[in-house]
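Contents: one structure, followed by commentary.
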Amino acid sequence: MSRAENSRTEKAPARARQYWLMKSEPDEASIDTLAKEGALPWTGVRNYQARNFMRDVMRIGDGVLFYHSSCPEPGIAGLAEVCSQPYPDPTQFDPKSHYYDAASKPDEPRWQLVDVKYVRKSALIPLAELRAHEELADMVVLRRGNRLSITPVTPAEWRFITTRLMG
DNA sequence: GCCAACGTTGGC
DNA sequence: GCCAACGTTGGC
């Protein structure tokens with residue numbers, strides 16, 4: 001098949017890869033947990049904006065900065081990748097789960113998640129270092145008062161972090 | 001443990 | 001729809 005033919009018959013290209021920063025408390029799931037498991041369902045998100053990112057915007061193959069939060073050394077600990085379509089978070093229906101949501105009905109689940117797979121661990125990039133780089137001044141996660149556990153990352157921010165701040 | 005900042009809830 | 005009260009996040 002010629003190059004031109006091939007380009008005509010290819011299905012419409014998926015949208016360009018997008019990038020995210022996802023916070024996890026290492027006590028619950030660290031980059032080492034992810035490395036060991038290979039992939040994890042991103043359970044426990046109970047914020048509508050973060051849910052909407054997973055449910056409506058994320059695509060398989062999107063890049064993820066894996067961030068350790070609420071711990072002695074907050075910062076980016078490695079890279080991961082979105083590896084599933086969105087589906088209902090099972091913990092919302094489990095009365096024993098910390099994330100149980102009695103108001104969510106199985107036929108109309110309120111919380112959706114994606115699976116995230118391990119790519120690689122990096123030397124920790126501390127929050128203070130992220131703040132020190134002019135190139136990252138507009139990162140959503142660094143905005144004053146930000147509490148969102150999932151935030152978009154621009155291609156330029158991704159490139160800077162993965163090529164300049166990671167080995 | 002403190003506390004700023006923010007999201008959610010619920011009375012009105 | 002307003003908004004005060006409350007709960008949570010998350011760095012320090």
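Screening A:Asp89, A:Asn47, A:Thr91, A:Thr43 for a side chain to side chain contact (heavy atoms under 4.5 Å, CB included) involving A:Trp111 leaves a single residue, A:Asp89. Applying salt bridge (charged side-chain N to carboxylate O under 4.0 Å, His left out) to A:Asp62 and the options A:Arg17, A:Arg15, A:Lys117 leaves one that passes, A:Arg15.
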Please tabulate, one pair per line, each protein N/O and nucleotide N/O from nucleotides 1-3 of chain C that are separated by under 3.5 Å, including the distance.
none

Protein-nucleic acid N or O pairs under 3.5 Å, nucleotides 6-12 of chain C:
residue	atom	partner	partner atom	Å
C:dG7	N2	A:Arg147	NH1	3.3
C:dT8	O2	A:Arg147	NH1	2.4
C:dT9	O3'	A:Arg147	O	3.4
C:dG10	OP1	A:Lys23	NZ	2.8
C:dG10	OP1	A:Arg147	O	2.9
C:dG11	OP1	A:Tyr67	OH	2.9
C:dG11	OP2	A:Ser70	N	2.9

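The aromatic ring centroids of A:Trp42 and A:Phe66 lie less than 6.0 Å from each other.
Between the side chains of A:Ser69 and A:Glu25, no donor N or O sits under 3.5 Å from an acceptor N or O.
A single hydrophobic cluster is not seen to contain both A:Val140 and A:Leu136; linkage of ILVMFWY side chains at heavy-atom distances under 4.5 Å, directly or through other members, places them apart.
Look at A:Lys121 and A:Asp32 and you find a salt bridge, because one of the NZ, NE, NH1 or NH2 atoms lies within 4.0 Å of a carboxylate O, short of that distance.
In this structure, the side chain of A:His68 does not engage the main chain of A:Ala29 through any donor-acceptor pair within 3.5 Å.
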